[in-house]
K.L.:
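Have a look at this one.
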Amino acid sequence: MAFELDGERIAEENRKRLKWLEEDFGHLGRQLTRRGIDIEKLTERAAAFRVSVPSWGLGTGGTRFAHFAGPGEPRNVFEKIEDCEVVFKLVRTTPGISLHIPWDQPESPAELRSFAQARGLFFDSMNSNTFQDQPEQPLSYKFGSLSHTDPAVRRQAVEHNLECLRLGMKLGARSHTVWVGDGGNFPGQVHLRRALERYLDSLREIYRVLPEGWRLFIEHKLYEPAFYSTVLNDWGTSYHCVRELGERAFSLVDLGHHAPNVNIEMIVARLIQFGKLGGFHFNDSKYGDDDLDSGSIKPFQLFLIFNELVDAEQARIPAFDPAYMLDQSHNVTDPIESLMTSAGELVRAYVQAHLVDRGRLAEHQEGNDALLALQSLKQAFHTDVEPILAMARHRAGGAIDPLGLYRSSGYRQRAAQARPATARLGAGIV
Ligand code: LRH
Ligand code: MN
């Protein structure tokens, strides 16, 4: 699409804001120096942070009630990648794209791979889809997929996942994420133990042929689309399964997949301690799997999750390498704006977690000084690190003010002209 946001435009807009940024950055730097913290090191950490964008997040997600298409929605995977390029150009922390198959099934994997590479982008985790029936699909997933009572349906679902692995190899991906909606709506509908055994057997078929150097992520979810029992319903069941599968199988934590008020940062600490934290689908929610923008509802929870992650990083936990991915559904905002600001909220929580004085915190914990222990976290959470985030973007060639620049670029309006609305991509509601 011939109206890219070029580097010159970004530099020009940054020049207008640099003086103020340097002022704020200098002031914060002096404050942090008093706390024994080097702002330059923190800015390097911020610039090095990476989170992948979900291809299915570039369009309007919709709900089961309605789908209100936005202007200039991407009509195919190539237009999704063009929009991912805009996000990456402006925030510089999102070079990875997580694809969903068959929604993003390319005619030519090689063409898709070079299209992304030409824009400095790569493909992160593949995602299979056995929660919808595709046209011409012989057997339905109405009553499940990898845990279905019919071995032929399980075979079909396993085969689809193997197809995702083969495609992922051609695209340069290095991990595969399996989420299934399998479960029941009524007591008695599903035999709870046998269903899990069938699910695990099917995963063994997938794990057996996992390509060299790849990781397999399984994603638990409390409910929906099943509303009484879900086969992979919680982190404990997930942990059991990844232990059973082997050393390259890990649990993926989607923040929206837990009952209200569940202590997700504690689940994260457990999976880190057990060496089975594979990665995240970051989003936020007030009630159910709302897939809202990260940090928009519970920013303190997001900070506490990154507090566990940075604590593990600084403790040099062996093989600690969680994959960070966004998984959001945008219904009332411009998806590009939501993805940029959400990526920013993750870097904010990550940088703030580095402000925790872990030596002093340990003293308070050992000394059972509950209040000072909490205060040492709150001091970090209440520190405005925006100058660090903006300076990191600026030094990485991104925008000091991504939202301002994106809006003034007219990218969305021009996309609306270049992409007349067509039949909706990926017929499912996500
Ligand atoms: C399920 C889920 C899963 C995806 C889908 C798009 O709720 O979080 O990660 O495959 O959303
Ligand atoms: Mn998810």
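Just so you know, ligand 1 is whichever comes first in the structure, and atom 1 is the first atom listed for that ligand. Model, not experiment: these values are computed from the prediction. Heads up: numbering here begins at 1 and tracks the sequence. Just the heavy atoms: all of them, side chains too, but no hydrogens, waters or symmetry mates, feed the values below.
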K.L.:
So which atom in E308 and which in E265 form the shortest heavy-atom distance, rounded to 0.1 Å?
P.N.:
CG-O, 3.5 Å
K.L.:
Show the nearest heavy-atom pair for residues R419 and G72, with the distance to one decimal.
P.N.:
NH1-O, 2.9 Å
K.L.:
With a 4.0 Å cut-off, would you call R166 and E163 a salt bridge?
P.N.:
yes
K.L.:
Within the structure, is a non-hydrogen atom of E224 found at a distance of less than 4.0 Å from ligand 1?
P.N.:
no
K.L.:
Check the Mn ion (ligand 2) and write out every protein N, O or S atom at under 2.8 Å, as residue and atom.
P.N.:
E219 OE2, D254 OD2, H281 ND1, D327 OD2
K.L.:
List for me each residue that meets side chain to side chain donor-acceptor pair (under 3.5 Å) alongside R92, sequence neighbours excluded, and say none if there are none.
P.N.:
none
K.L.:
Should the pair K89-E85 be classified as a salt bridge under the 4.0 Å nitrogen-to-oxygen rule?
P.N.:
yes
K.L.:
Can you sort out which atoms of ligand 1 are near H281, meaning under 4.0 Å from one of its heavy atoms?
P.N.:
9 (O)
K.L.:
With D290, which residues qualify under side chain to side chain donor-acceptor pair (under 3.5 Å), at least two apart?
P.N.:
none
K.L.:
Does R9 CZ have over 12 foreign heavy atoms under 6.0 Å away?
P.N.:
yes
K.L.:
Got an N/O contact under 3.5 Å between N127 and ligand 1?
P.N.:
no
K.L.:
Short N/O distance, under 3.5 Å, between S128 and ligand 1?
P.N.:
no
K.L.:
State which residues pass side chain to side chain donor-acceptor pair (under 3.5 Å) with E244; sequence neighbours excluded, sorted by chain then number.
P.N.:
R204
K.L.:
Can you tell whether the side chains of R348 and E345 come within less than 4.0 Å, N to carboxylate O?
P.N.:
yes
K.L.:
Do the side chains of R64 and E224 get close enough for a salt bridge, i.e. N-O under 4.0 angstrom?
P.N.:
no
K.L.:
Give the atom numbers and elements of ligand 1 that come within less than 4.0 Å of a heavy atom of H100.
P.N.:
4 (C), 6 (C), 10 (O)
K.L.:
At under 4.0 Å between heavy atoms, is it the side chain or the backbone of D289 that contacts ligand 1, or both, or neither?
P.N.:
side chain
K.L.:
Can you list the atoms of ligand 1 that are under 4.0 Å from a heavy atom of E219?
P.N.:
2 (C), 3 (C), 8 (O), 9 (O)
K.L.:
Of all the atoms in ligand 1, which lie at a distance below 4.0 Å from a heavy atom belonging to D254?
P.N.:
8 (O)
K.L.:
Any idea which of L255, L252, D327 brings a heavy atom closest to atom 11 (O) of ligand 1?
P.N.:
D327
